[in-house]
**Q** 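The structure that follows is given in the form of structure tokens.
Keep in mind that what you see is a predicted model, and the values were worked out from it rather than measured. Per chain, numbering begins at 1; letters A, B, ... match sequence-line order.
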2 protein chains.
Amino acid sequence: MNDDAMDLRTRNKQATREAIGHAALRLAIEQGPNGLALVRVHDIASAAGVSPRTYNNYFSSREEAICAFQADQSRRVGQALRSRPSAEPLEEAVIAAVTELYTDPEPDRAGLAMIMSTPALEGEALKAFSMAEGPLAEAIAERTGTDPRRDLFPAVTAAAVAGAIRVAGRHWLQPGVTGSFATILRSALSCVFTAAPTTHGPGKAGGDGDD
Amino acid sequence: MNDDAMDLRTRNKQATREAIGHAALRLAIEQGPNGLALVRVHDIASAAGVSPRTYNNYFSSREEAICAFQADQSRRVGQALRSRPSAEPLEEAVIAAVTELYTDPEPDRAGLAMIMSTPALEGEALKAFSMAEGPLAEAIAERTGTDPRRDLFPAVTAAAVAGAIRVAGRHWLQPGVTGSFATILRSALSCVFTAAPTTHGPGKAGGDGDD
DNA sequence: ACCGGATGATGCGTGGCACGCAACCTGTGC
DNA sequence: GCACAGGTTGCGTGCCACGCATCATCCGGT
């Protein structure tokens, strides 16, 4: 987007950051969820073509590097919602914005699996998803005309949306679940805006005939 | 509750765990959010009356030890919901269960502030709160008669509830916010079950006290 | 009450990591 | 072309997680 508007310095820095993050995730996937301890900083650094010391200038832990992509993605959620027509109802706007952002490239299954099903990565993954909440809450507050400092609705909804994205991801990764991520994501987000369904019909979710 | 039903061994172990967790949180509070790096493992261990090696048998990071209490609390949420009369509507049951669990002793402001406003603790704190989601989702699924493996509603709602608790905590800690934690918590949880308030009149945050 | 087994608590040693520091190299603006 | 700001690298330090072997303590059966 603004890559050309940046200094060469800045662009290189960004590229380095992405290179390290990408290398970290790739190596983590190779080792699998149980071999995370085997992914040495040295390996990540050399895979990214930088010195270990430089790696450490960008990230202060392997976990942070591995989840960098998720974190970056989360940072864009607020803006994504703002870019929806303001006439659109909140529910539709949120679903459209989130779905668009998270399915432009269908997520990398292996990467998501690594990030979401590795205990040691859990904290960082949660942190990554929660990064969306602040900006999202502001965008929601703006759209609904509420004051986020006094009304909890925007923040709670933002947290719920972030949670729904997580849940959708987890569900999508489950073996035996069919359906595109987009479908599951929409379904999960719908739940956020649907008050308690005391008796709530069967088979939503990825919901085509799997039993 | 079942303390007397446990083996002496088990009880001691539990006590040690709590001692370490408590010591860790106390020391962290003393150093403040910016001095977390100064809280040495050795200090925590000796403050808890155990060897550093033993500390490491219980927790594999300072963060984990500091957030142990939050984690333990989260593990009880599922059970708390199950203990509500099954005739009660989901919303009321959840609000009652969570409020009861989180306000039996009014939370320690300093401790919560430490846990929720220290970047280095953020991941572990999120992890602690998210521990409630699994059991909570199951309890919700059971109460609403939905199959959590096919329907996303239980999991999404559980995540939303966990998020609401977090948001309530953050709001409660904000300077200038009046009102008991119980009130704020109820207000936040209400948002979860309230569909989008396109025009949403009352039902604010601190509700009673503030302007 | 006694004893063998199980389980937790410790000490020690090892490998790795985060980060401060200072020198070096590379774009940038004058 | 030059001096400077900013990024990269190597080195050294202190801390930490964890495997292993040992010892103390608790448990259950006889």
Side-chain angles (χ1 to χ4, degrees), chain A residues 2-24 27-28 31 33-68 118-124 127, chain B residues 2-24 27-28 31 33-68 118-124 127:
Chain A
N2 298 10
D3 287 12
D4 318 86
M6 300 165 126
D7 274 358
L8 220 192
R9 285 184 116 82
T10 313
R11 254 186 300 163
N12 278 337
K13 203 174 175 181
Q14 189 68 23
T16 302
R17 180 187 170 84
E18 284 174 19
I20 298 177
H22 190 265
L27 292 181
Q31 296 297 333
N34 298 327
L36 204 166
L38 301 182
V39 179
R40 307 263 184 257
V41 162
H42 173 268
D43 301 328
I44 300 176
S46 60
V50 298
S51 83
R53 187 62 186 84
T54 297
Y55 145 87
N56 199 38
N57 283 339
Y58 285 87
F59 303 103
S60 49
S61 73
R62 290 183 304 257
E63 293 78 14
E64 195 179 337
I66 294 173
C67 298
T118 301
L121 253 42
E122 206 182 342
E124 202 60 35
K127 216 163 104 182
Chain B
N2 296 12
D3 287 12
D4 317 86
M6 298 166 128
D7 276 357
L8 218 190
R9 284 188 113 84
T10 313
R11 254 184 302 160
N12 276 338
K13 203 174 174 182
Q14 190 67 22
T16 302
R17 180 186 169 84
E18 285 174 17
I20 298 176
H22 189 267
L27 291 181
Q31 296 297 331
N34 298 328
L36 204 165
L38 302 181
V39 179
R40 307 262 185 260
V41 162
H42 173 269
D43 301 329
I44 299 177
S46 60
V50 298
S51 83
R53 186 61 185 84
T54 297
Y55 145 88
N56 197 44
N57 283 339
Y58 285 87
F59 303 104
S60 49
S61 73
R62 291 186 304 267
E63 293 78 13
E64 194 180 336
I66 294 173
C67 297
T118 301
L121 252 42
E122 206 181 341
E124 201 62 34
K127 215 163 105 181

**Q** Using atom CZ of B:Arg11 as one end and atom P of D:dT25 as the other, report the distance to the nearest whole Å.
**A**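 Rounding to the nearest Å, CZ of B:Arg11 and P of D:dT25 are 17 Å apart.
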**Q** Is the phosphate of D:dC16 approached by B:Ser61 (side-chain N or O, under 4.0 Å from OP1 or OP2)?
**A**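 So the side chain of B:Ser61 is outside the cut-off, no N or O lying under 4.0 Å from OP1 or OP2 of D:dC16.
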**Q** To the nearest 0.5 Å, how far apart are NE2 in A:His22 and CZ in A:Arg17?
**A**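 The CZ atom of A:Arg17 is 14.5 Å from NE2 of A:His22, to the nearest 0.5 Å.
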**Q** Return the 5'-most residue of the pair A:Asn57, B:Lys13 with respect to DNA chain C, ranking by each residue's nearest nucleotide.
**A**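 Residue closer to the 5' terminus by nearest nucleotide: B:Lys13.
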**Q** What is the distance, to the nearest angstrom, from the CD atom on A:Gln14 to the P atom on D:dG7?
**A**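 For the pair A:Gln14 CD and D:dG7 P, the rounded distance is 13 Å.
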**Q** Tell me whether the OP1 or OP2 atom of D:dC15 has a side-chain N or O from B:Arg40 closer than 4.0 Å.
**A**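 For D:dC15, OP1 or OP2 has a side-chain N or O of B:Arg40 closer than 4.0 Å.
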**Q** Among residues 47-55 of chain A, which ones have heavy-atom contacts with DNA chain D below 4.0 Å?
**A**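 Close to the strand are A:Val50, A:Ser51, A:Arg53, A:Thr54.
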**Q** Roughly how far apart are A:Arg11 CZ and A:Gln14 CD, rounded to 0.5 Å?
**A**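 It comes to 11.5 Å.
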**Q** Is the phosphate of C:dG8 approached by B:Tyr58 (side-chain N or O, under 4.0 Å from OP1 or OP2)?
**A**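 It does not, given that no N or O in the side chain of B:Tyr58 lies less than 4.0 Å from OP1 or OP2 of C:dG8.
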**Q** Considering only side-chain heavy atoms of B:Val41, which listed nucleotide, D:dT8, C:dA9, D:dC16, is closest?
**A**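 Ranking D:dT8, C:dA9, D:dC16 by closest atom to the B:Val41 side chain puts D:dC16 first.
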**Q** Test for a donor-acceptor pair under 3.5 Å between the base of D:dG6 and the side chain of A:Arg9, counting only N and O atoms.
**A**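 Side chain to base: pair found, below 3.5 Å.
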**Q** Would you mind reading off the distance between B:Phe59 atom CZ and C:dG8 atom C1', rounded to a whole angstrom?
**A**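 Atom CZ in B:Phe59 sits about 15 Å away from atom C1' in C:dG8.
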**Q** What is the distance from CG of B:Leu36 to P of C:dC19, rounded to the nearest Å?
**A**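 Taking atom P of C:dC19 as the reference, CG of B:Leu36 is at 12 Å.
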**Q** With heavy-atom distances below 4.5 Å as the criterion, would you say the side chains of A:Tyr58 and A:Glu18 are in contact?
**A**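 Contact flag for A:Tyr58/A:Glu18 side chains = no.
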**Q** Once rounded to the nearest 0.5 Å, what's the spacing between atom OG of A:Ser61 and atom CG of A:Leu121?
**A**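 Result: 9.0 Å between the selected atoms.
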**Q** From the set C:dC19, D:dA5, D:dT8, return the single nucleotide nearest to any side-chain atom of A:Ser60.
**A**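 For A:Ser60, the side-chain atoms sit closest to C:dC19.
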**Q** How long is the gap from OG1 on B:Thr118 to CD on B:Gln31, to the nearest 0.5 Å?
**A**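 B:Thr118 atom OG1 to B:Gln31 atom CD measures 12.0 Å (nearest 0.5 Å).
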**Q** Taking CG from A:Asn56 and P from C:dC21, how many angstroms apart are they, rounded to a whole number?
**A**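 Value for this atom pair: 15 Å.
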**Q** Rounding to a whole Å, what distance do you find between A:Leu38:CG and C:dG16:C1'?
**A**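 Interatomic distance, CG of A:Leu38 to C1' of C:dG16: 13 Å.
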**Q** Output the rounded distance in Å from CD (B:Glu63) to C1' (C:dC17).
**A**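 Computing the B:Glu63:CD to C:dC17:C1' distance gives 14 Å.
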**Q** Let me know the distance between CD1 of A:Ile20 and P of C:dC17, rounded to the nearest Å.
**A**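 After rounding, the gap between these two atoms is 14 Å.
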**Q** Would you say A:Arg62 and A:Ile44 make side-chain contact, with heavy atoms under 4.5 Å?
**A**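 Yes; the side chains approach each other to less than 4.5 Å.
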**Q** Distance check, rounded to the nearest 0.5 Å: A:Thr54 atom OG1 versus A:Ile20 atom CD1?
**A**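 Answer rounded to 0.5 Å: 7.0 Å.
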